[in-house]
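To keep things clear, I will list the structure first and then write my remarks on it.
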There are 2 protein chains.
Amino acid sequence: MNLPQKIAGVNKNSIPRLVQYKYVLKKVLASGSDRVYSNELADAIGITAAQVRKDFSLFGIMGNKRGGYSVSDLLGIIQRILGSQPGQDVIIAGMGHLGIALSNYKGFEKEGICIRAGFDIDPVKCGVQGNIPVYPFSECEGYISNRNIKVGILAVPADAAQLVLDVMVRGGVEGVLNFAPVHLMAQRSCVIHDVNLGVELEFLLYFVNALNNRGGKA
Amino acid sequence: MNLPQKIAGVNKNSIPRLVQYKYVLKKVLASGSDRVYSNELADAIGITAAQVRKDFSLFGIMGNKRGGYSVSDLLGIIQRILGSQPGQDVIIAGMGHLGIALSNYKGFEKEGICIRAGFDIDPVKCGVQGNIPVYPFSECEGYISNRNIKVGILAVPADAAQLVLDVMVRGGVEGVLNFAPVHLMAQRSCVIHDVNLGVELEFLLYFVNALNNRGGKA
DNA sequence: CCCTTTTTGTGAAAACTATCACATAAAAAG
DNA sequence: CTTTTTATGTGATAGTTTTCACAAAAAGGG
């Protein structure tokens, strides 16, 4: 399974925006204010105010006419929609630089996400890398099933990715964030979300080249 | 400027797909075959054959009825559309683990992309990290203008990102791949493409939680 | 209490994207 | 040479997402 196409009529593009609203709301709350307007949220993430309100409308979120939104209320609602709960455990397969970078990422714990462990076939990488314990990959499946881990991150080379996915899925993982530049197939039901950094860079290059060499025409 | 909305009627979603077709075509070519069908490309990246043909139709790419496409021809055309040329120089600001991971990324040089140098304020990170020379950040602007660098990668903490972007833009950069989880504003014309790894993980978590706790209903 | 200002909430319209379905061409088979 | 098979190319259709525009509610001033 790749991403499910449809969760009960929800605009899929609005989900990443909700996550971004959440980030902004936390900043605003930390700054002491408990009031926010759609245009402030819009500016903070680079979209229009109408889009913000439409997103909220879609999820039945209501503010006060002329009074904007209560930051703390809004935050609570959005977190409930996103299913953000403390203690969402995640593991990483592949403790190269990308794996380590993800394990160090400061933002996760604030969101209740906890990177529990890493796994690698290379014994040199095992032990402790930065913040998390790293175990031999052979222990991955057992770790997942024993601790009931639901989400894994795939930061292994492309040629190992399918194999590692299979192990994770056998362990019982239900979702995978895949950084390997290959299309994967899960044996059992497992949501796979691909992030291909090469594609992201080449996507950018296309626009830079297009605006340059072709004056925005082709 | 954020991403330009429109480059002459092109479906923006088709661009990352073109990049993926390119990757697949290179693999096919390496495997010795010079013929490929829309359904093969589709399967390789997890979409439908109709989508592949529609993308091609959009860019005026034509194959042979019943004969599929010549892999080498197709590759040439797609590379021309994407503006892939040898010698596209890129620099990285911020040589933490993410920066190093990107500088090590094997895929880039095959696509004619060359990560030339890294920059960091931390003297400890300067010198040589993996494959590339790393210079003090103070030299960043000069390096960009002297070598006519057009694209930069931002792998610095959120609170430094806007400052670093300003320096890059002053140097003459025209496109930036931004990994910092903040919305940036370029002083002058510069395409910014954001990749927020936290958002990507939380996006996945939403679907896992939604399918689990709410049985795909909410 | 009424008028003005401001900001929300949302149908309707517009824009964009993906899917369908089938005519068309080419190859292969008989 | 005719028929059958197979895969492309694309107009039409369906679906999704964003933008528009404006009524309605709340707040404040006089």
Side-chain angles (χ1 to χ4, degrees), chain A residues 2-21 24-25 28 33-71 73-74 77-78 81 203 206-207, chain B residues 2-21 24-25 28 33-71 73-74 77-78 81 203 206-207:
Chain A
N2 251 27
L3 285 178
Q5 314 83 325
K6 211 71 189 131
I7 306 268
V10 168
N11 174 348
K12 202 164 68 174
N13 294 359
S14 68
I15 303 299
R17 286 195 298 263
L18 285 186
V19 177
Q20 289 181 288
Y21 300 147
V24 175
L25 290 170
V28 173
S33 173
D34 195 59
R35 213 107 276 278
V36 75
Y37 301 104
S38 58
N39 69 306
E40 295 174 334
L41 287 170
D43 291 349
I45 75 174
I47 61 175
T48 66
Q51 176 85 79
V52 173
R53 295 200 303 276
K54 192 66 171 180
D55 283 341
F56 289 176
S57 169
L58 215 69
F59 287 100
I61 296 174
M62 309 205 73
N64 303 355
K65 287 233 160 97
R66 205 195 153 141
Y69 304 82
S70 154
V71 175
D73 288 2
L74 195 48
I77 296 171
I78 289 178
I81 293 167
F203 182 66
Y206 168 80
F207 285 103
Chain B
N2 250 29
L3 285 177
Q5 314 84 322
K6 210 72 190 134
I7 304 270
V10 165
N11 174 348
K12 201 164 69 176
N13 295 358
S14 69
I15 303 298
R17 287 197 296 263
L18 286 186
V19 176
Q20 289 183 287
Y21 300 147
V24 175
L25 290 170
V28 173
S33 172
D34 195 60
R35 214 110 270 281
V36 74
Y37 300 103
S38 58
N39 69 306
E40 295 174 333
L41 287 170
D43 291 349
I45 74 174
I47 61 175
T48 67
Q51 177 83 79
V52 173
R53 295 200 303 276
K54 193 67 173 181
D55 283 339
F56 289 175
S57 169
L58 215 68
F59 288 98
I61 297 174
M62 310 206 73
N64 304 356
K65 286 237 160 90
R66 204 198 153 133
Y69 304 82
S70 154
V71 175
D73 288 1
L74 195 48
I77 296 171
I78 289 179
I81 294 168
F203 182 67
Y206 169 81
F207 285 104

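Everything numeric in this text was worked out from a predicted model, so none of it was measured. The chains referred to below are lettered A, B, ... by the order of the sequence lines, with proteins before strands, and numbering in each begins at 1.
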Sort out for me which residue in A/L41, A/L25, A/I45 forms a side-chain contact (heavy atoms from CB on, under 4.5 Å) with A/Q20. A/I45
Which part of the nucleic acid, if any, lies within reach of A/Y69 when heavy atoms closer than 4.0 Å are counted: base, sugar-phosphate only, or nothing? sugar-phosphate
Spacing between B/K54 atom NZ and C/dA18 atom C1', to the nearest angstrom: 9 Å
What nucleic acid atoms does A/T48 come within less than 4.0 Å of, heavy atoms only: base, sugar-phosphate, or nothing? sugar-phosphate
Which nucleotide sits closest to the side chain of B/R17: C/dT7, D/dT18, C/dA18? C/dA18
Does A/Q51 make a side-chain N or O approach to OP1 or OP2 of D/dT19 shorter than 4.0 Å? yes
Steps toward side-chain contact (heavy atoms from CB on, under 4.5 Å) verdict (A/V19, B/Y206): CA-CA 10 Å; A/V19 177; B/Y206 169 81; over 6 Å; no
Measure the distance from CG on B/L74 to P on D/dG9 and round it to the nearest whole Å. 10 Å
Rounded to whole Å, CZ of B/F56 lies from P of C/dA18 at a distance of 14 Å
Nearest-Å distance for atom pair CZ/C1', residues A/F59 and C/dT8: 18 Å
Looking for any heavy atom pair under 4.0 Å, which part of the strands does B/S38 touch: base, sugar-phosphate only, or nothing? sugar-phosphate
Rounded distance in Å - NZ (B/K65) to P (C/dC22): 16 Å
Any side-chain N or O of B/N13 below 4.0 angstrom from OP1/OP2 of C/dA18? yes
Quiz question: by atom type and distance under 3.5 Å, do the side chains of B/D34 and B/S70 form a donor-acceptor pair? yes
Answer yes or no: is there a donor N or O on one side and an acceptor on the other, between the side chain of B/R35 and the main chain of B/G67, under 3.5 Å? yes
Shortest non-hydrogen contact from A/L18 toward A/I78: O-CG2, 3.7 Å
For atom CD1 of B/I47 and atom P of C/dA18, their distance in whole Å: 9 Å
Can you see if the side chain of B/N11 gets near the phosphate of C/dA18 - specifically, an N or O under 4.0 Å from OP1 or OP2? yes
Distance in angstrom units between B/K12 NZ and D/dT16 C1', rounded: 15 Å
Could you say whether B/G68 or A/G67 is positioned toward the 5' end of DNA chain D, judged by the nucleotide with the nearest heavy atom to each? B/G68
Whole-Å distance separating the CE atom of B/M62 from the C1' atom of D/dT10: 9 Å
Look at the side-chain N and O atoms of A/R66 and state whether any lies under 4.0 Å from the OP1 or OP2 oxygen of D/dA27. no
Both B/N64 and B/D55 contact DNA chain C. Taking the nearest nucleotide for each, which residue is further toward the 5' end? B/D55
